[in-house]
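Below, all heavy atoms of this structure are taken into account, side chains as well, without hydrogens, waters or symmetry copies. Letters A, B, ... are given to chains in the order of the sequence lines, protein chains preceding strands, and every chain is numbered from 1.
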Amino acid sequence: MVLVLRGKPKNLASFIVSGSFDKFKDILATHSPILSFRNPSSFLQLSNGIFTPKTISARSHSTASSNRQTMVKHPRSMSEKITNLDDALQLFDEMTQRQPLPSVVKFNQSLQAVAKMKHYSCSIELFKQMNVVRVPVDAYTINIVIKCCCQMHHTSEGFAVLGYGFKRDISPDVCTFSALLNGLILEDSVLKAERLFKKLIKEELCEPDTIMYTTMIKGLCKFGNNDTAIALLKLMDRSGCKRNVVTYNTIIDSLCKDQMVDDAFNLFKEMVFHKGILPDVITYNSLIHGLCNLCRWDEVSKLLKEMEDDRISPSVNTFNILVDALCKEGKVEDANCVINIMIQRGKDS
DNA sequence: GTAGGGTTAG
């Protein structure tokens with residue numbers, strides 16, 4: 001991977017104003033084929049069309065909420081968690097009817113609450129409703145909606161939302177691009193993700209951070225490209241970007257799956273002894289799984305002991321890995337012992 | 001006063 005080290009990030013809004021918006025055109029043209037940049041006005045019309053809301057209101061999403069007689073108690077602050085979809089929708093409906101309208105932050109929190117419940121299409125509907133009542137959306141809104149599109153494997157629509165943002169002078173940032181990269185990876189378009197990532201760095205369109213690097217590493221590992229993933233890990237260092245346990249776990253797991261357990265252990269040691277990053281149960285599970293696949297039982301026992309010393313409790317995944325591996329080896333009695341330990345631990349906790 | 005990644009088992 002040929003990558004240019006990061007430089008001073010530029011203000012993306014200034015690109016648009018100064019005509020450097022051209023730089024983004026090909027990003028959109030590549031990833032959002034429904035838009036045409038030969039005719040900018042067609043782009044604007046299309047982006048309007050895409051985000052024209054359906055006639056349904058937030059309230060009509062749920063008969064349960066419309067039948068409800070009692071009003072939802074208003075959270076005094078949005079920090080009070082909304083964990084129920086009906087409540088979230090009803091609150092949103094009520095917000096749209098207030099005069100003056102609540103701040104965009106309140107609306108964003110509403111969208112986010114719905115997205116967190118994984119009701120992505122519903123969250124997108126609320127965004128359309130925000131447009132109807134003319135809430136001035138911001139970068140947070142855009143990023144939530146892009147994430148929703150991407151999680152639904154509709155990444156090209158995510159890019160269309162990016163275009164919608166440009167139209168309103170809302171600049172994309174590292175969160176926007178991370179969500180889009182993740183969308184491409186979810187759809188197995190890792191090459192597209194790689195191209196976009198390189199472009200972002202080369203043209204200094206945003207400064208990658210831990211999340212963005214980890215996302216790219218995940219994509220590379222997904223397609224067995226461990227070498228490039230490790231190269232990216234090194235680039236993180238050179239760029240002054242901190243790695244975390246998730247970054248390491250992603251590569252360690254990939255190496256273990258490819259039976260490169262010794263390489264995985266080298267990374268493990270680097271993580272713990274050079275970077276001072278503590279492993280977690282996921283790190284151990286990946287390593288144990290890798291060792292089990294190679295029937296390196298002594299080392300499995302050693303790792304389990306190490307976990308105990310580190311006060312990291314085995315998870316149900318740990319037990320599943322062990323039971324599965326022992327059964328495959330015909331060690332049914334041992335598997336039974338492991339199950340009994342698991343049951344006993346369940347009783348103790 | 002909000003947003004992006006979240007890795008592991010069967």
Side-chain angles (χ1 to χ4, degrees), chain A residues 77-79 81-82 102-116 123 127 135 137-151 155 158 161-162 165 170-186 193 197 200 206-222 229 232 236 241-257 264 267 271 277 279-290 292-293 303 307 312 314-328 335 338-339 342:
Chain A
S77 76
M78 287 299 266
S79 61
K81 297 263 179 181
I82 306 167
S103 73
V104 64
V105 174
K106 303 284 183 202
F107 281 99
N108 290 344
Q109 287 171 332
S110 227
L111 254 64
Q112 176 66 356
V114 174
K116 277 250 159 74
S123 187
F127 165 66
V135 178
V137 303
D138 65 6
Y140 288 83
T141 326
I142 297 295
N143 289 345
I144 295 165
V145 176
I146 288 178
K147 180 196 168 148
C148 289
C149 294
C150 292
Q151 292 294 328
T155 304
V161 179
L162 179 69
I170 299 168
S171 302
D173 58 15
V174 68
C175 298
T176 323
F177 287 120
S178 290
L180 288 166
L181 285 171
N182 191 47
L184 291 172
I185 290 162
L186 284 174
F197 181 70
L200 294 176
C206 81
E207 191 174 323
D209 63 4
T210 305
I211 291 180
M212 185 176 270
Y213 275 110
T214 305
T215 304
M216 272 315 298
I217 285 171
K218 180 185 75 172
L220 292 164
C221 288
K222 192 176 178 181
L232 219 47
M236 283 178 86
C241 182
K242 293 250 188 259
R243 311 156 176 196
N244 62 20
V245 68
V246 179
T247 320
Y248 274 103
N249 284 353
T250 307
I251 307 184
I252 287 173
D253 184 65
S254 181
L255 289 168
C256 288
K257 286 202 165 77
L267 263 190
M271 172 178 96
I277 298 170
D280 60 13
V281 67
I282 295 175
T283 325
Y284 279 108
N285 285 349
S286 293
L287 291 167
I288 289 170
H289 199 192
C292 283
N293 285 339
L303 267 193
M307 277 177 85
I312 295 172
S315 63
V316 67
N317 292 25
T318 323
F319 286 107
N320 283 342
I321 291 163
L322 294 170
V323 170
D324 182 58
L326 289 168
C327 286
K328 280 175 181 158
V338 172
I339 290 172
M342 183 172 73

Which nucleotide in dG5(B), dT7(B), dG4(B) has an atom nearest any side-chain atom of C175(A): dG4(B)

Selected nucleotide, minimal atom distance to I144(A) side chain, candidates dA3(B), dT7(B), dG10(B): dA3(B)

Partners meeting salt bridge (charged side-chain N to carboxylate O under 4.0 Å, His left out) with K116(A) (sequence neighbours left out): none

Side-chain N,O (Q112(A)) to OP1/OP2 (dT2(B)) below 4.0 Å: no

Sequence-distant partners of D280(A), side-chain hydrogen bond (donor to acceptor under 3.5 Å, both in side chains), two or more places apart: N249(A), T283(A)

Residue D138(A), side-chain heavy atoms: nucleotide from dG5(B), dT2(B), dT8(B) that is nearest: dT2(B)

Distance test, side-chain N/O of K147(A) to OP1/OP2 of dG5(B), below 4.0 Å: yes

Check: N317(A) side chain, dG10(B) base, donor-acceptor under 3.5 Å: no

Sugar-phosphate only, base, or nothing, as touched by N108(A) at under 4.0 Å among non-hydrogen atoms: base

Short side-chain N/O contact from N244(A) to OP1 or OP2 of dT7(B), under 4.0 Å: no

Contact under 4.0 Å: Q151(A) side-chain N or O vs dG5(B) OP1/OP2: yes

Sugar-phosphate only, base, or nothing, as touched by V104(A) at under 4.0 Å among non-hydrogen atoms: nothing

Side chain of H289(A) - closest among dA3(B), dG5(B), dA9(B): dA9(B)

Separation of atom NZ in K257(A) from atom C1' in dG10(B), rounded to whole Å: 12 Å

Distance test, side-chain N/O of N285(A) to OP1/OP2 of dA9(B), below 4.0 Å: no

